[in-house]
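Right, one structure below, let's go through it.
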2 protein chains.
Amino acid sequence: MSMSLIPAREATLGSCTPLAREPITTEQAEGVTRLLKALADPVRLRLMSMILSYEGGEACAMCDLTEGFDLSQSTLSHHLKVLHDAGLVDRDKRGVWVYYKARPEAMGAVRTVFSSGLAEPQD
Amino acid sequence: MSMSLIPAREATLGSCTPLAREPITTEQAEGVTRLLKALADPVRLRLMSMILSYEGGEACAMCDLTEGFDLSQSTLSHHLKVLHDAGLVDRDKRGVWVYYKARPEAMGAVRTVFSSGLAEPQD
DNA sequence: CAATGACATCGACATGGGTACATGTTGACA
DNA sequence: TGTCAACATGTACCCATGTCGATGTCATTG
């Protein structure tokens with residue numbers, strides 16, 4: 001079965017529905033909010049954008065993701081942890097370097113919430 | 001000219017680009033973050049969803065948007081103000097009632113950021 | 001004009017979140 | 001084994017934010 005493809009973390013991402021069709025439930029709102037809170041920061045949004053722009057949606061933390069930020073190493077590490085805890089990125093340690101990789105399921109869940117219905121309200 | 005259709009608030013929504021194509025700029029990130037911060041709350045996400053679900057993407061504050069929330073009137077009013085300040089909804093007072101209406105441009109900007117590229121990382 | 005109802009605003013409180021410094025952990029290498 | 005480099009973690013600080021009660025504003029109605 002294909003269940004094993006998606007880790008348990010997927011549970012919080014499961015029920016994603018476009019906002020505009022019918023009011024989302026409290027549970028759905030809380031699930032999506034976890035993702036949105038993680039993305040609702042300029043630094044993390046840029047980090048996510050940088051990760052996604054790299055080949056394979058993957059980037060090395062200190063190699064690729066430091067440039068352009070005037071922040072300490074611990075702060076960057078903290079932000080990456082927030083993205084990881086939200087299920088937006090996977091972590092892969094190879095030797096000394098740590099690679100962060102975007103999780104398409106998570107970003108897909110966000111995209112689903114804001115899909116079609118949103119720009120054209122119901123009538 | 002059609003400029004007048006969109007208020008000055010549009011300025012912060014202007015430059016919206018998919019996250020995955022190339023890294024977004026700091027300015028873009030800060031602009032989008034304003035919208036995301038406003039949406040990254042369970043109550044406000046439900047409010048936005050309820051507003052969008054109503055006919056014409058418009059809903060009366062105390063008539064339509066109170067049901068299902070265990071929050072004080074001032075708290076609901078506060079959340080609606082946050083959505084309004086972010087440019088996500090317009091306010092329209094008709095007599096005693098206040099109607100909140102979704103702004104398609106704002107939701108479209110959010111949707112653009114999370115559009116196509118996001119679920120399928122670059123390769 | 002007085003009263004009521006539908007909001008917005010203000011002040012206060014508790015909690016959460018971004019940042020940095022210091023320190024811990026782990027793998028590569030001499 | 002000792003050192004260094006690439007991280008993560010813990011602690012502390014400060015500011016932002018969610019919540020509520022009280023009050024203010026304004027339109028309707030009697």
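Chain letters run A, B, ... following the sequence lines, proteins first and then strands; every chain starts at 1. Keep in mind it's a predicted model, so treat the numbers as computed, not measured.
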Any base atoms under 4.0 Å from [X], or only sugar-phosphate, or nothing? Heavy atoms, all strands.
X: A:R44; answer: sugar-phosphate
X: B:H78; answer: base
X: B:F69; answer: nothing
X: A:R91; answer: sugar-phosphate
X: A:Y99; answer: nothing

To the nearest Å, how far apart are [X] [atom1] and [N] [atom2]?
X: B:L80; N: C:dC7; atom1: CG; atom2: P; answer: 10 Å
X: A:L83; N: C:dG18; atom1: CG; atom2: P; answer: 10 Å
X: A:L76; N: C:dA20; atom1: CG; atom2: C1'; answer: 12 Å
X: A:D85; N: D:dT9; atom1: CG; atom2: C1'; answer: 12 Å
X: A:W97; N: C:dA28; atom1: CH2; atom2: P; answer: 9 Å
X: B:K93; N: C:dG5; atom1: NZ; atom2: P; answer: 16 Å
X: B:D92; N: C:dA8; atom1: CG; atom2: P; answer: 12 Å
X: B:R94; N: D:dC26; atom1: CZ; atom2: C1'; answer: 18 Å

State which of [options] makes the closest approach to the side chain of [X].
X: B:S77; options: C:dT9, D:dC20, D:dT28; value: C:dT9
X: B:K81; options: D:dT19, D:dA27, C:dT9; value: C:dT9
X: B:C63; options: C:dA20, C:dG27, C:dC7; value: C:dC7
X: A:D41; options: C:dG18, C:dG27, D:dG18; value: C:dG18

Exercise for the section: Mark yes or no: B:R91 above the aromatic ring of B:Y100, with NZ or CZ under 6.0 Å from the six-membered ring centre and no more than 45 degrees from the axis. Expected result: no

Exercise for the section: Consider only side-chain heavy atoms of I, L, V, M, F, W and Y, link residues closer than 4.5 Å, and tell whether B:L76 and B:V98 are in one cluster. Expected result: yes

Practice task
Establish whether the base of C:dC21 is bridged to the side chain of A:S74 by a donor-acceptor pair shorter than 3.5 Å.
Solution key: yes

Handout entry: Side chain B:Q73 and base C:dA8 donor-acceptor under 3.5 Å
Key = yes

Reckon [X] has a side-chain N or O less than 4.0 Å from the OP1 or OP2 of [N]?
X: B:T75; N: D:dT19; value: no
X: B:H84; N: C:dA8; value: no
X: B:Y100; N: C:dA6; value: no

Practice task
For B:T112 and B:G108, indicate whether the former's side chain and the latter's backbone hold a donor-acceptor pair under 3.5 Å.
Solution key: yes

Exercise for the section: For B:K37 and A:A40, indicate whether the former's side chain and the latter's backbone hold a donor-acceptor pair under 3.5 Å. Expected result: yes

Problem - Polar contact flag, side-chain donor to acceptor under 3.5 angstrom, A:R46-B:T26 - result: yes

Fill in the blank from the handout: Between A:K37 and A:C60, whichever has its closest DNA chain D nucleotide further toward 5' is A:C60

Practice task
Check whether any side-chain heavy atom of B:L47 sits under 4.5 Å from a side-chain heavy atom of B:F69, and report yes or no.
Solution key: yes

Fill in the blank from the handout: Comparing nearest nucleotides in DNA chain C, the 5'-proximal residue of the pair A:V96, A:D70 is A:D70

